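Order of the sequence lines sets the chain letters (A, B, ...), proteins ahead of strands, with each chain counted from 1. All of these numbers come straight from a predicted model, not from anything done at the bench.
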There are 2 protein chains.
Amino acid sequence: MSGEAMARPGQQLKAVLRLRELLLSGEFGPGERVAEIPLAARLSVSRTPLRLALLTLAHEGLLEMLPGGGFVVRDFDPADIADAIELRGVLEGTAARMAAERLTDPADLAPLRAAVEAMEPLVRTPEPGLADFERYVAANEIFHARLLDLAGSPMLRRAMAQAMVLPFASPNSFVLTQADLPESREILLLAQAQHRAILEAIEAREGTRAEALAREHARLAKQNLKLALGDAALLASVPGAALIRRDPVDGGRKIAS
Amino acid sequence: MSGEAMARPGQQLKAVLRLRELLLSGEFGPGERVAEIPLAARLSVSRTPLRLALLTLAHEGLLEMLPGGGFVVRDFDPADIADAIELRGVLEGTAARMAAERLTDPADLAPLRAAVEAMEPLVRTPEPGLADFERYVAANEIFHARLLDLAGSPMLRRAMAQAMVLPFASPNSFVLTQADLPESREILLLAQAQHRAILEAIEAREGTRAEALAREHARLAKQNLKLALGDAALLASVPGAALIRRDPVDGGRKIAS
DNA sequence: TTGACGTCTATTGCATGCAATAACGAAATC
DNA sequence: GATTTCGTTATTGCATGCAATAGACGTCAA
């Protein structure tokens, strides 16, 4: 992963990566307007590639274009995060279903199975350390990537990539958060059981079951989100948490746009 | 709709709109490289805003960035289109389910009901003319927009917008195609029955049913796609059909020969 | 004749200068 | 004293010039 779709070693890419980093680290407050000129100086790029980078991040959803011109840092309320996770679950459910429906050769499951088996010992470690969690995260990422491969749909891959730009929507967003929780092992065991079940469902060509399982799997993240929202210390360990606005949004859930 | 998210009256917007039009009309062959300088002259904009427009369309999925620089027109095979429609169905299903789950005041359903009722006489017209179809298309678009409103999820709205950039994935893509088909009235009646059922399910807070119905609703488009792919004359009436590559994929990406 | 290498050209990417516009502040009038 | 209007300033958006790079073509050698 982390292979930027268009790996072009240029000022533009540099600006995107660096600015994304800054945004996720909370360097700019939510809703704050980002000015081009000081930012260009800070990132050591000219305004032209910076402008391209700003547009890219706006399309990714981290920035918002103002009608009058310029960009502001987008902020997310808890409902947005929950919906982002829900959406990821829906898309991963679709991936799982497609994988089940389109599977032709059982041997194609090997990479997915390998990822599942790589996680197995890690969830059974009695006293997992940080290194264990990190290895789990790596294997987990591979699992989700292979699942997407199995779906065999470029369009779905695209939608997925779009949905996962927000770091707290990614499959691993709350894994490291759990590390400090007492119930972490329990959660990991459950997650791993779901991994196995998804693999099993795909192997049996049970598309609907695979979809339901993948959705439920994403709900684990939603559950962890609730935990993290109640504990500021936990929230700090979530990447991009700085973009989360805790205070109740004025309009709340309003229909119109 | 057609409200460009950021309505900024500038050269950039002009370039985006005009270029998108050109791409969808098939002015450039699929896989063809688009050169900046002649294009800038053709669109009467400078290279700088054009560059921004190119990036925007690349993010939308109509263009692809080359590793070495520059852009090519993206092409889609039939499987891509089918998946795009499937994906739209999945997202609309999610919208319907959320609408059902989150409905608080039944009065909020009024706009959706109005759209359904606006379509009712149109599908019962014995000999529908082009004008009838166009009014149906307008009401249909409103229906889908209101459904999305009811979901009350900015994140879903975003994902939906992204998925519907491809014109053949939009709810109305094949409606006008049907106009020439003998079974068109039958299809419209079925579609309208689904509209009513979706409304009913949301009203009854039956989320799962609403989701299943919305998915099935999208499959009508998939069915029409199959019809259109078999008939070149029909395909010509589908917006953006020029981007569809009929021949089976081979891995190679060749540039206009 | 074919393949490889070198040169050349066309195209992209980047920087900077300029103009227009929107926001801010100050002053004057109601 | 508050509000409105005008002026100023800073920031964005756009255009153009320049440099670097990738691709094409031609030539030379095997």
Side-chain angles (χ1 to χ4, degrees), chain A residues 3-20 22-23 27-60 62-74, chain B residues 4-20 22-23 27-60 62-74 251-257:
Chain A
E4 200 71 15
M6 45 328 187
R8 190 170 356 185
Q11 300 297 93
Q12 182 183 343
L13 183 62
K14 172 178 162 189
V16 169
L17 296 176
R18 189 94 190 80
L19 179 53
R20 192 192 289 146
L22 284 179
L23 288 172
E27 188 71 15
F28 303 91
E32 180 178 340
R33 178 170 187 159
V34 290
E36 284 183 3
I37 302 182
L39 192 57
R42 182 164 184 180
L43 301 179
S44 306
V45 295
S46 182
R47 283 182 54 221
T48 303
L50 174 60
R51 167 87 49 119
L52 278 301
L54 287 167
L55 189 62
T56 295
L57 291 169
H59 283 132
E60 286 182 0
L62 289 176
L63 293 176
E64 209 168 346
M65 295 183 69
L66 293 177
F71 298 83
V72 294
V73 181
R74 172 125 182 243
Chain B
E4 202 69 16
M6 45 327 188
R8 188 167 359 183
Q11 299 298 92
Q12 182 183 343
L13 183 61
K14 173 177 162 188
V16 168
L17 295 176
R18 189 93 192 82
L19 179 53
R20 192 192 289 148
L22 284 179
L23 288 172
E27 189 71 18
F28 303 92
E32 181 179 339
R33 177 169 185 160
V34 290
E36 284 184 2
I37 302 182
L39 192 58
R42 184 165 183 179
L43 301 178
S44 307
V45 296
S46 181
R47 283 183 53 220
T48 303
L50 174 60
R51 167 86 47 118
L52 279 300
L54 286 167
L55 190 62
T56 295
L57 291 169
H59 283 132
E60 286 182 0
L62 289 177
L63 293 176
E64 209 168 346
M65 294 184 70
L66 294 177
F71 298 82
V72 294
V73 181
R74 170 124 184 244
R253 169 157 317 285
K254 47 181 165 294
I255 304 170
S257 51

>> Counting the atoms with a prime plus P, OP1 and OP2 as sugar-phosphate, which does A/I37 contact under 4.0 Å by heavy atoms, base, sugar-phosphate, or nothing?
In response: base
> Which atom names give the shortest non-hydrogen contact between B/L43 and B/L22, and what distance separates them?
Replying inline: CD2-CD1, 3.8 Å
> Side chain of A/E36: nearest nucleotide among D/dC14, D/dT12, C/dT12?
Replying inline: D/dT12
Every protein N/O within reach of nucleotides 16-23 of chain C N/O, cut-off under 3.5 Å:
from   : atom 1 : to    : atom 2 : distance (Å)
C/dT16 : O4     : A/T48 : OG1    : 3.1

> B/A35 or A/P49: which one's nearest nucleotide on DNA chain C is closer to the 5' end?
Replying inline: B/A35
> Roughly, in whole Å, what's the span from CG in A/L13 to C1' in C/dC14?
Replying inline: 15 Å
Which donor-acceptor pairs under 3.5 Å do side chains of residues 27-38 of chain A form with protein atoms, sequence neighbours excluded?
from  : atom 1 : to    : atom 2 : distance (Å)
A/E27 : OE2    : A/R42 : NH2    : 2.7
A/E32 : OE1    : A/G29 : N      : 2.9
A/R33 : NH2    : A/G69 : O      : 3.3
A/E36 : OE1    : A/R47 : NE     : 3.0
A/E36 : OE1    : A/R47 : NH2    : 3.0
A/E36 : OE1    : A/R51 : NH2    : 3.3
A/E36 : OE2    : A/R51 : NE     : 2.9
A/E36 : OE2    : A/R51 : NH2    : 2.9

>> Could you tell me how far apart A/L54 (CG) and D/dT11 (P) are, to the nearest whole angstrom?
In response: 15 Å
> Which whole-number value in Å describes the distance from B/E32 CD to C/dT11 P?
Replying inline: 13 Å
>> Could you tell me how far apart B/M65 (CE) and C/dT12 (P) are, to the nearest whole angstrom?
In response: 12 Å
>> How many whole angstroms separate atom CG of A/L39 from atom C1' of D/dT11?
In response: 13 Å
> Just how far is it from atom CG of B/L17 to atom CG of B/L57, taken to the nearest 0.5 Å?
Replying inline: 9.0 Å
> Whole Å only: how far is the NZ atom of A/K14 from the P atom of C/dC14?
Replying inline: 10 Å
>> Expressed as a whole number of angstroms, how long is the span from B/L43:CG to D/dA15:P?
In response: 12 Å
>> As an exercise, state the distance from CZ of A/F71 to CG of A/L23, rounded to the nearest 0.5 Å.
In response: 11.5 Å
> Rounded to the Å, how far apart are B/Q12 CD and D/dA15 C1'?
Replying inline: 14 Å
>> Show the nearest heavy-atom pair for residues B/L50 and B/V45, with the distance to one decimal.
In response: CB-CG2, 4.0 Å
>> Can you tell me how far apart CG (A/L52) and OG1 (B/T56) are? Round to the nearest 0.5 Å.
In response: 9.0 Å
>> Please give me the minimum heavy-atom distance between A/S44 and A/Q11, naming the atom from each residue.
In response: O-NE2, 3.7 Å
